[in-house]
Protein chains: 2
Amino acid sequence: MNIGEAARETGLSAKMVRYYESIGLIQPALRTESGYRVYRSEDIHTLRFIRRARGLGFSVEETAGLLALWRDKTRASADVKSFALKHLADLEGKIAELEGMCRTLRHLASHCHGDGRPDCPILDDMASVSAVGKAAPAKLAPTR
Amino acid sequence: MNIGEAARETGLSAKMVRYYESIGLIQPALRTESGYRVYRSEDIHTLRFIRRARGLGFSVEETAGLLALWRDKTRASADVKSFALKHLADLEGKIAELEGMCRTLRHLASHCHGDGRPDCPILDDMASVSAVGKAAPAKLAPTR
DNA sequence: CTTGACCTTCCTACGAGGGGAAGGTTTATC
DNA sequence: GATAAACCTTCCCCTCGTAGGAAGGTCAAG
């Protein structure tokens, strides 16, 4: 199986597969004589695991940790669980942050009549000195 | 007021202020004879507006749009409102995505006994073929 | 033999900055 | 007036997880 097929099979892109190899998340793939990467079903299995972990929001680095646990047949399930719960807490923190923004935005929007007139409490609030840091608790976290 | 003071005053970093200038989000600052950037209270006002917008999760590009609306004294408040509501919908979409991950993780973790034994339903699930794409709806969205 | 669909490596860009080097300026203290 | 600390300047490279594309090699079908 070459990289394109492996990509279709796993829901990743060929680019991603090469990238994961380049950063050492997966072992270098076998190669044909002409240099094409070759994937066995066991490699596909690993790639699917990776895609699943990424889909659950684990970073690539965390995914490497999970892969190591997966391959370590003597791991304690408690280790996996704490890994998962730690990540869950991260996600919940992110959600809380986004919800703070949503609350503020909803509040501001609800006070804006939203017609053709120029006066707008949303802009007024954003421009007001007192509002600085109100809905931006502590740090300006990475958005996206 | 030089850049360091302006940064402290607005809650941004000096790097960010230079960056915003470099990408054209703000006008090039005035300079002293020796080349130091100088900020007037009106510039500080703008920087605070930016910080507030970023704190509400608007991208820099969206912030540029908001700034333009802010400066346009003839804008319709409806434009601002729709801008805000669009962003709100984006945030809500992001939250829903994260919550999907959380739900799955909570479910998986609740089925893991979390003791010293190696068998772990979390890893089992992640490795199972059928689970592919289950909690990763459609695209693998950028995490962080 | 040619065409098109693959594959390879390498380089660039994104967003939103952070870190730090090398060097100039300003301010406070002695 | 000298010196040291604390500023400032530009410049370039790093992050993270990809995507896009150029230049060139390979493979299967017609």
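Just so you know, these numbers use all the heavy atoms, side chains as well, and skip hydrogens, waters and symmetry mates. Chain naming here is simple, since letters A, B, ... match the order of the sequence lines and numbering starts at 1 in each. In this text, all values refer to a predicted model and were calculated from it rather than measured experimentally.
Considering only the side chain of Arg18(B), dT10(D) comes nearest among dT8(C), dG15(C), dT10(D). Taking the side chain of Arg37(A) as heavy atoms from C-beta on, and the options dT9(D), dG17(D), dT9(C), the nearest nucleotide is dT9(C).
Taking atom CD of Glu5(B) as the reference point, atom P of dA6(D) lies 17 Å away to the nearest angstrom. Atom CD of Glu21(A) and atom P of dG17(D) are 17 Å apart (whole Å). Protein atom CG of Leu47(A) is 12 Å distant from nucleotide atom P of dT18(D), rounded to whole Å. In this structure, Tyr39(B) places its OH atom 12 Å from C1' of dT9(D), rounding to the nearest Å. Summarising the geometry, the separation between CD1 on Ile26(B) and P on dG17(C) is reported as 12 Å, rounded to the nearest angstrom. Distance CE (Met1(B)) to C1' (dT26(C)): 18 Å, rounded to an integer number of Å. One interatomic measurement links the two molecules: CD1 of Ile23(B) to P of dA16(C), which rounds to 8 Å at whole-angstrom precision. The separation between Glu61(B) atom CD and dC14(C) atom P is 12 Å, rounded to whole Å.
Comparing Ser13(A) and Asn2(B), the nucleotide of DNA chain D nearest to each residue sits closer to the 5' end for Asn2(B). When the nearest nucleotides of DNA chain C are assigned to Glu33(B) and Arg8(A) by heavy-atom distance, the more 5′-ward of the two goes with Arg8(A).
Residue Lys15(B) places a side-chain atom within donor-acceptor reach of the base of dG20(C), judged by atom type and a 3.5 Å distance cut-off alone. In terms of polar N and O atoms assigned as donor or acceptor, the side chain of Tyr36(A) never comes within less than 3.5 Å of the base of dC27(D) in a complementary pairing. Put simply, the side chain of Tyr20(B) and the base of dG17(C) share no donor and acceptor less than 3.5 Å apart.
Partners of Asp79(B) according to the salt bridge (Lys or Arg N to Asp or Glu O under 4.0 Å) rule, which considers only residues two or more places apart in sequence or in another chain, do not exist here.
Here Arg31(B) does not reach the OP1 or OP2 of dG24(C): none of its side-chain N or O atoms lies under 4.0 Å away. Note on Ser34(B): a side-chain N or O is less than 4.0 Å away from OP1 or OP2 of dT26(C). Regarding contacts with the backbone of dT18(D), a side-chain N or O of Arg54(A) is found under 4.0 angstrom from either OP1 or OP2.
Nucleic acid contact class of Thr32(A) (heavy atoms, under 4.0 Å, all strands): none. When heavy atoms are screened at a 4.0 angstrom cut-off, Ile3(B) is found touching the sugar-phosphate backbone but no base atom.
Relative orientation of the Trp70(A) and His45(A) rings is perpendicular, given thresholds of 30° and 60° on the angle between their planes.
Side-chain atoms of Asp115(A) and Ser77(B) include a donor-acceptor pair closer than 3.5 Å.
A salt bridge does not link Arg51(B) to Glu9(B): none of the charged side-chain nitrogens sits closer than 4.0 Å to a carboxylate oxygen. Salt bridge status for Glu97(A) with Lys94(B): absent, with no side-chain N to carboxylate O gap under 4.0 Å.
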